Amino acid sequence: MRSQPNILFILSDEHNFRFMGHVSKANGGENVETPALDRLAAQGTVYTDAYCQMPLCTPSRLSMLTGLEARAAGAWSNRSVMKPGLPTLPGVFAEAGYETCLVGKMHLGGNRQFVGFRHRPYGDLTGRSIAQRDPLDGQEGLRGRTTSSVGVTQVPESLIQDQAIAQETVAFAREHEAANPDQPWFLMASVIRPHFPLTAPRRWIERYRPDAISEPKVGRTGDAYDHPMSAAMRKGFRADEIEYDEMMRARAAYFASVSYLDEILSDLLLRLEFTGQLENTIIVYTSDHGEMAGEHGLWWKNCWHEASARVPLIVSTPAQRRGEQPAREESMPVGLMDIFPTLCALAGISAPSGLDGTDLTQGAPDRPIFTDALGGRWGSGNRFRAIRQGRWKYVRFQNAPPLFFNLENDPMEQRNLITRGCEGEDADALRRLKRTAEETMDFDAAAEDRKRDQKLAETYALKARPSQKNLYLMPSGRVVNANDALYKPTVIAENGAAIFSDHPALESESEKS
């Protein structure tokens, strides 16, 4: 067995940290079935308090891939481009002799679509991918409220993009090891679920009935409910239009989407395990950001609340899966930017200098973890820097009142201790985090950086026609649309009963007559 381990990095989209079976009720866990992730957690290190560096798809991924905070990574919006010259996680592994491959969504902007990966056989190679819609569903959910079109998928399972991602991931690992058994690989499987649209096969939709699942952990309450950013976010996502029944249907569909994702990951991991690809492989599971799922009266992400900024993070080593090293939990707050130096350390690779992330192999240090939103989506005054350190969270806004919570005593972020008053350790932490926020974030300077990076991005505009559909990069080099057969089919007949004499529907009609 070669000494350097393979890396299987599974990245999901919009996975609320509460929605994993191994998260206890006492820690805010939801009653959801995720046996594959639970098994991984039981054979790995679970970072219970992991945070993305910006709770939005592209910026979070840019920060994670570079090991940098959002501003340094040029991570501003879903149209941001990976800045040339920045070392990337896959690029460093490629330089160290690894074969690197990305399968699935990465939501990168412009024409910089490989960022250190040598292979991208399937995914959003134009950077304009959205969650796969269901062709027979209404589109109100994509054009308006995100909670209005949920339920049983109308896409055949073999054509669901997460199934394609799993298949291409297995294929790459097997093909590479057959051709180059002595070369380690770094393989990222980046799936779309549980991102909207909230659809899943019937077996999972029917498993979670709206009248049998839990309501959101926290409702439309708390000191921050009427905060200017909260109000702007509810308006932007039309959250106040969502009535109770619609909310519960959407929550049930989110439960189903999480469990369906877990089922796909179970199939993926068991197939690789069966053929030996996982014997010397480090497995990472995380998500780019969370999902509000009705908490605080909100849906989606792009805010400072725990359900948006906090993410699952599991790292499972071969030694842990063999029982040679113990599984464990790490409760010290960490960031997705820490994955870069940590994987380098686990693989025996020198990490680049200047990373904001920290190697976690020796334990997570007590330090501030930053989550930013600097694009001004909810108004320029609502740009924020959130800081989590120890049991406390402080949120500084560009031109809105700050917030401060003791998450140990108030995990649902109901009591803003700035307005309620605090003393002792709380008061000391408030002074410390307020000073840290002021010293580490200049919103005006960040806005100038954003303007500069936007101009830079224009020079890396994609010349090919943008697409909102997934693509295959063929072995020949041809790039083809993966979904034409699904969305632009050649229709042989609108109703199979019209051309097939033994169609079951004809038997039913015959019985009626």
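Every value quoted in this text rests on a predicted model; they were computed, and no experiment measured them.
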Can the ring centres of Y122 and Y472 be said to be less than 6.0 Å apart?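 Yes, close enough.
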Verify the ring-centre separation between W304 and F405: is it less than 6.0 angstrom?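 For F405 and W304, the ring centres are under 6.0 Å apart.
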Search all heavy atoms of G390 against all heavy atoms of D366 and return the closest pair with its distance.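 Heavy-atom minimum between the residues: N-OD1, 4.3 Å.
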Might you point out which heavy atoms bring P55 and H289 nearest each other, and give the distance in Å?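 Closest approach of P55 to H289, heavy atoms only: CA-CB, 3.8 Å.
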Candidate pair I349 and Q4, rule side chain to side chain contact (heavy atoms under 4.5 Å, CB included), full reasoning: CA-CA 9 Å; I349 296 172; Q4 282 190 298; 4.0 Å; yes
Compute both the distance and the angle, then confirm whether R388 meets the cation-pi test with Y51: under 6.0 Å from the six-membered ring centre, within 45 degrees of the axis.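 Judged by the rule, R388 and Y51 form no cation-pi pair.
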How many angstroms lie between atom [atom1] of [X] and atom [atom2] of [Y], to the nearest 0.5 angstrom?
{"X": "D13", "Y": "H195", "atom1": "CG", "atom2": "NE2", "result": "4.5 Å"}
{"X": "L268", "Y": "E273", "atom1": "CG", "atom2": "CD", "result": "11.0 Å"}
{"X": "Q167", "Y": "I264", "atom1": "CD", "atom2": "CD1", "result": "12.5 Å"}
{"X": "F172", "Y": "T100", "atom1": "CZ", "atom2": "OG1", "result": "7.5 Å"}
{"X": "I10", "Y": "M188", "atom1": "CD1", "atom2": "CE", "result": "10.5 Å"}
{"X": "I339", "Y": "C344", "atom1": "CD1", "atom2": "SG", "result": "12.0 Å"}

Sidechain N-carboxylate O distance under 4.0 Å for [X], [Y]:
{"X": "R385", "Y": "E69", "result": "yes"}
{"X": "E157", "Y": "R203", "result": "yes"}
{"X": "E215", "Y": "R251", "result": "no"}
{"X": "R415", "Y": "D426", "result": "no"}
{"X": "D49", "Y": "R310", "result": "yes"}
{"X": "R71", "Y": "D372", "result": "no"}

Can you name the side-chain contact (heavy atoms from CB on, under 4.5 Å) partners of [X], sequence neighbours left out?
{"X": "E329", "result": "V46, T48"}
{"X": "D211", "result": "R209"}
{"X": "A364", "result": "E330, M332, V334, L360"}
{"X": "V191", "result": "S12, D162, I165, L261"}

Is the side chain of [X] donor-acceptor paired with the backbone N or O of [Y] at a distance under 3.5 Å, no angle test?
{"X": "R396", "Y": "A437", "answer": "yes"}
{"X": "R61", "Y": "H107", "answer": "no"}
{"X": "D124", "Y": "T126", "answer": "no"}
{"X": "Q183", "Y": "G97", "answer": "yes"}
{"X": "N16", "Y": "E291", "answer": "yes"}
{"X": "K83", "Y": "A75", "answer": "no"}
{"X": "T371", "Y": "C52", "answer": "yes"}
{"X": "R112", "Y": "Y460", "answer": "no"}
{"X": "S316", "Y": "Q43", "answer": "yes"}
{"X": "Q53", "Y": "L336", "answer": "yes"}

Check the surroundings of atom [atom1] in [X]: do more than 12 heavy atoms from other residues, nucleotides or ligands lie under 6.0 Å from it?
{"X": "R478", "atom1": "CZ", "value": "no"}
{"X": "D428", "atom1": "CG", "value": "yes"}
{"X": "Q325", "atom1": "CD", "value": "yes"}
{"X": "R39", "atom1": "CZ", "value": "no"}
{"X": "E324", "atom1": "CD", "value": "yes"}

How would you list, by chain and number, every residue that makes a salt bridge (charged side-chain N to carboxylate O under 4.0 Å, His left out) with D359, sequence neighbours excluded?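 In terms of salt bridge (charged side-chain N to carboxylate O under 4.0 Å, His left out), with neighbours along the sequence ignored, D359 is linked to no residue.
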I'd like to know if the side chain of [X] pairs up with that of [Y] as donor and acceptor (distance under 3.5 Å, no hydrogens or angles considered).
{"X": "R367", "Y": "Q389", "result": "no"}
{"X": "E413", "Y": "H305", "result": "yes"}
{"X": "R79", "Y": "T58", "result": "no"}
{"X": "S259", "Y": "Y208", "result": "yes"}
{"X": "Y254", "Y": "H15", "result": "no"}
{"X": "N470", "Y": "Q161", "result": "yes"}
{"X": "T147", "Y": "R249", "result": "no"}
{"X": "D262", "Y": "T34", "result": "no"}
{"X": "E177", "Y": "W185", "result": "yes"}
{"X": "Q163", "Y": "S158", "result": "no"}

Does the side chain to side chain contact (heavy atoms under 4.5 Å, CB included) test come out yes or no for D410 and Q414, once each step is laid out? CA-CA 7 Å; D410 180 26; Q414 295 289 282; 3.5 Å; yes
Test side chain to side chain donor-acceptor pair (under 3.5 Å) on N6 and T281 and set out the steps. CA-CA 4 Å; N6 303 313; T281 298; 3.3 Å; yes
Could you go step by step and tell me if L56 and N78 meet the side chain to side chain contact (heavy atoms under 4.5 Å, CB included) rule? CA-CA 7 Å; L56 189 63; N78 277 344; 3.5 Å; yes
W204, Y260, F19 screened by ring-ring contact (aromatic ring centres under 6.0 Å, His included) with F255, the one that passes: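 Running ring-ring contact (aromatic ring centres under 6.0 Å, His included) over W204, Y260, F19 with F255 returns exactly one hit, F19.
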For R118, all residues meeting side chain to side chain donor-acceptor pair (under 3.5 Å), sequence neighbours excluded: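 So R118 forms a side chain to side chain donor-acceptor pair (under 3.5 Å) with E99.
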R18 pairs by salt bridge (charged side-chain N to carboxylate O under 4.0 Å, His left out) with which of E295, E306, E30?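 Between R18 and the candidates, salt bridge (charged side-chain N to carboxylate O under 4.0 Å, His left out) is satisfied uniquely by E295.
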Heavy atoms, side chains only, cut-off 4.5 Å: are N27 and H22 in contact?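 The answer is no; the side chains never approach within 4.5 Å.
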I would like to know whether I283 and F9 meet side chain to side chain contact (heavy atoms under 4.5 Å, CB included); could you show each step before the answer? CA-CA 6 Å; I283 304 171; F9 195 141; over 6 Å; no
